[in-house]
Q: 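Please find one structure pasted underneath; my questions will follow.
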Amino acid sequence: MNILDNKEKILKKIEEVCLKKNKDPKGVNLVAVTKYVSNETTKNAVLAGIEHIGENRIEGLLEKKEYLKDMDVKWHFIGTLQSRKVKDIINHVDYIHSLDRLSLAKEIQKRADKTISCFVQVNVAEEDSKHGLAVKEVVGFVDKLKDYDKIKVVGLMTMAPYTEDESVLRNVFSTLKQLQRDIQNKKFSHAPCEELSMGMSNDYVIAVEEGATFVRIGTDLVGKEF
Ligand SMILES: *Cc1c(COP(=O)(O)O)cnc(C)c1O
């Protein structure tokens, strides 16, 4: 696994898409998802110039953060977050990608020492296996978050269904983009909602075409060791 080569390949693809769509490639942030790799491999990713690391388990994030404590990294929690675990993680992350209920917002409000940049997770395809709000619930939910001053809604996040069907993927990502516009039109001061966290190894090209600003890539970037 040569992470530097992988990174360059991915960035090149992102650049091509952005050129085609008249977007600035610098507007797309690459988050390396390290849930399947060791501390050492994660360190190699940072040495290869990766600035954003994403983990879906609390223990994984805390362990890697400790291991890389002298390095300049932005930490993203991308997994399901149980309310009772918020206190263990909230003051160790830069971004939470999985805000999807008020009970979680309440706990973040109670435990966070500073304002936390949060993505509201949306289950666009309404799959039973996935977390997140249904599309029609999102604007009302974001409105309610104004009462929680420790939460800044920086954007929306989704995971697309696992499929090779491009039209399904494109539809999911463009729906999230439209929802972002709907929220931006409300001009909520607590929810600038400028970002879209969408796209993984198998679908990031389509996600970027449809407006992703954070792609979360594991397998194609750092590999899978366990
Ligand atoms: C694992 C994971 C990813 C990365 O998946 P790959 O297919 O390995 O790129 C992205 N987002 C979330 C929420 C994940 O759990």
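Read the numbers this way: they start at 1 and go in the same order the structure lists the ligands and their atoms.
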Q: Just jot down the ligand 1 atoms closer than 4.0 angstrom to any heavy atom of Ile78, in number order.
A: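 It comes down to these atoms of ligand 1: 11 (N), 12 (C), 13 (C), 14 (C).
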Q: Quick one: look up the protein heavy atom nearest atom 11 (N) of ligand 1 and list residue, atom name and how far away it is.
A: Arg216 NE, 2.9 Å
Q: Hey, is the main chain of Leu30 close enough, under 3.5 Å, to the side chain of Lys7 for a donor-acceptor pair?
A: no
Q: Ser201 and Gly218: which non-hydrogen atoms are nearest, and at how many Å?
A: OG-N, 3.9 Å
Q: Please identify which atoms of ligand 1 are closer than 4.0 Å to at least one heavy atom of Lys35.
A: 1 (C), 2 (C), 3 (C), 14 (C), 15 (O)
Q: Write out the residue and atom name of the closest protein heavy atom to atom 8 (O) of ligand 1, then the distance separating them to 0.1 Å.
A: Thr219 OG1, 2.5 Å
Q: Tell me if a side-chain donor or acceptor on Asn91 pairs with a main-chain N or O of Arg111 at a distance below 3.5 Å.
A: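 Side chain of Asn91 to backbone of Arg111, a donor-acceptor pair under 3.5 Å: yes, one is there.
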Q: Determine whether a donor-acceptor pair (N or O, by modelled atom type, separation under 3.5 Å) exists between the side chain of Asn29 and the backbone of Thr213.
A: yes
Q: For residues Arg181 and Gln184, is any side-chain donor paired with an opposing acceptor at under 3.5 Å?
A: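 No, because no side-chain N or O of Arg181 sits under 3.5 Å from a partner of the opposite role on Gln184.
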Q: Select one of side chain, backbone, both or neither to describe which atoms of Lys224 lie under 4.0 Å from any atom of ligand 1, heavy atoms only.
A: neither
Q: Within the 3.5 Å criterion, strictly below it, is a donor on Lys106 or Gln109 matched to an acceptor on the partner's side chain?
A: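 Their side chains do not contain a donor-acceptor pair, so the 3.5 Å distance test is not met.
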Q: What residue and heavy atom of the protein are closest to atom 9 (O) of ligand 1, and at what distance?
A: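 Result for atom 9 (O) of ligand 1: Ser201 OG, 2.6 Å.
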Q: Classify the angle between the aromatic ring planes of Phe119 and Phe214 as parallel (below 30°), tilted (30 to 60°) or perpendicular (above 60°).
A: perpendicular
Q: In ligand 1, which numbered atoms sit nearer than 4.0 Å to a non-hydrogen atom of Met159?
A: 13 (C)
Q: Quick check on contacts: which atoms of ligand 1 are under 4.0 angstrom from a heavy atom of Ile217?
A: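 So the atoms of ligand 1 that pass are 9 (O).
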Q: Looking only at protein heavy atoms, which one is nearest to atom 5 (O) of ligand 1, and how far off is it?
A: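 For atom 5 (O) of ligand 1, the nearest protein heavy atom comes out as Met200 CE, 3.5 Å.
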